[in-house]
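A, B, ... follow the sequence lines: proteins, then strands. Residue 1 opens every chain.
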Number of protein chains: 2
Amino acid sequence: MARTCPSRVVLHRIGARWTVFVVNALEPGPKRFVELKTHIQGITPKVLTETLRTLERDGLVLRTDHEESPPRVEYELTALGRSLLEPLRAVRLWAEAHVPEIQAANAAAVARGR
Amino acid sequence: MARTCPSRVVLHRIGARWTVFVVNALEPGPKRFVELKTHIQGITPKVLTETLRTLERDGLVLRTDHEESPPRVEYELTALGRSLLEPLRAVRLWAEAHVPEIQAANAAAVARGR
DNA sequence: TAACGCGGTATCGAAAGCATACCGTGACGG
DNA sequence: CCGTCACGGTATGCTTTCGATACCGCGTTA
């Protein structure tokens, strides 16, 4: 668990606020910028751009500019990106399964006077 | 994938920078504040406190102040917290397995002139 | 009685996130 | 030919969070 441990860096990337949502959104297949933006409700274009650029640098996402008019840019998962889907699905399923417990815990904490 | 979707909130929590490390550090059993701080190299006391308080509110971690002298406070995972270990382990293993590919992708991106 | 260890706060500057507005290009309608 | 629109972003400014460093109150111990 040293600061320099590379897996720490990787986990830091994965832990970045929006990567999980972007990768999940790309699961069914390639998507365009605007599609991603509307699918992941609440993300701003700036943050989406940054997230996609980071994922591209890390080799998880492939960006294809078709150089057409009107512009068409598609983002899709690479093999590496798809390999991340399985562990992420486990986390997402956990989250969905345990939302009630967490909300109950929060409510209890508030009731105790937070 | 609405903004209000509770699983989004939960994933946001999990995505917080240090939760993964704290939960993993608590896997073997209860730990004291200083133990956690030295084990998770690089975390500052402030951030560790905040992370632990959040995990406590969410019902993932139990804080036990033994009211002794010298002070002894122990943190341990609840059943809910332990249930998170399995999905997190999957993500950690993925990270460890794919570090070389990600580093290679980064190096390639740099070589292309970033 | 002075120094130390524990479990934290306090303070301040840096970085990341977010909302909002805007832009260049080329298609398209009239 | 001229105004408008969609796409894929960028620019700007503000708020929240992160991070580094310093410090504190208490009780124990030397």
Inset, instruction - Send over the distance from Arg72(A) CZ to dG26(C) C1', rounded to a whole Å. - result: 15 Å

Legend entry - Donor-acceptor under 3.5 Å (His98(A) side chain, Trp94(A) main chain): yes

Inset, instruction - Figure out the CD/C1' separation between Glu67(A) and dG26(C), and round it to whole Å. - result: 13 Å

Inset, instruction - From the options dG8(D), dT10(D), dG17(C), select the nucleotide whose nearest atom is closest to the side chain of Arg17(A). - result: dG17(C)

Legend entry - Thr78(B) side-chain N/O to Leu62(B) backbone N/O, donor-acceptor pair under 3.5 Å: no

Legend entry - Rounded interatomic separation in angstrom, taking CG from Asp65(B) and C1' from dC26(D): 12 Å

Inset, instruction - Measure the spacing between CG of Leu55(A) and CD1 of Ile102(B) and express it to the nearest 0.5 Å. - result: 9.5 Å

Legend entry - Geometric class of the Trp18(B)/His12(A) ring pair [parallel <30°, tilted 30-60°, perpendicular >60°]: perpendicular

Legend entry - Euclidean distance, atom CG of residue Leu48(B) to atom P of dC6(C) [Å, nearest integer]: 14 Å

Legend entry - From Arg13(B) atom CZ to Thr19(B) atom OG1, the distance as rounded to the nearest 0.5 Å: 10.0 Å

Inset, instruction - Pull out every residue in residues 28-37 of chain A that has a heavy atom closer than 4.0 Å to any atom of DNA chain D, ordered by number, or say none. - result: Arg32(A), Phe33(A), Val34(A)

Inset, instruction - Respond yes when some side-chain nitrogen or oxygen of Arg63(A) is under 4.0 Å from OP1 or OP2 of dG9(D), and no when none is. - result: yes

Legend entry - N/O (side chain, Arg53(B)) to phosphate O (OP1/OP2, dG8(C)) under 4.0 Å: yes

Legend entry - Between dG13(C) (C1') and Lys46(B) (NZ): distance, integer Å: 11 Å

Inset, instruction - Go through dT21(D), dT20(C), dC7(D) for me and flag the one nearest to the Pro71(A) side chain. - result: dC7(D)

Inset, instruction - Would you mind telling me which of dA16(C), dG8(C), dT20(C) lies closest to the side-chain atoms of Thr44(A)? - result: dT20(C)

Legend entry - Nearest non-hydrogen partners of Leu26(B) and Lys31(B), listed with the distance: CD2-CB, 3.8 Å

Inset, instruction - For Ile43(B) and dG8(C), give me the distance from atom CD1 to atom C1', rounded to whole Å. - result: 13 Å

Legend entry - Trp18(A) side chain near dC18(C) phosphate (N/O to OP1/OP2, under 4.0 Å): yes

Legend entry - Among dG8(C), dG19(D), dC18(C), the one nearest Tyr75(B) by side-chain distance: dG8(C)

Inset, instruction - Assess whether atom CD of Glu35(A) is packed by more than 12 heavy atoms of other residues, nucleotides or ligands within 6.0 Å. - result: yes

Legend entry - Closest to the Thr49(A) side chain, choosing from dT10(D), dC18(D), dG8(C): dT10(D)

Inset, instruction - Whole angstrom is fine here: how far is it from CD in Glu68(A) over to P in dC7(D)? - result: 13 Å

Inset, instruction - Measure from the side-chain heavy atoms of Ser69(B) and tell me the nearest of dT20(C), dG17(C), dT28(D). - result: dT28(D)

Legend entry - Atom pair distance, as rounded to whole Å: NE2 in His66(A) and P in dG26(C): 18 Å

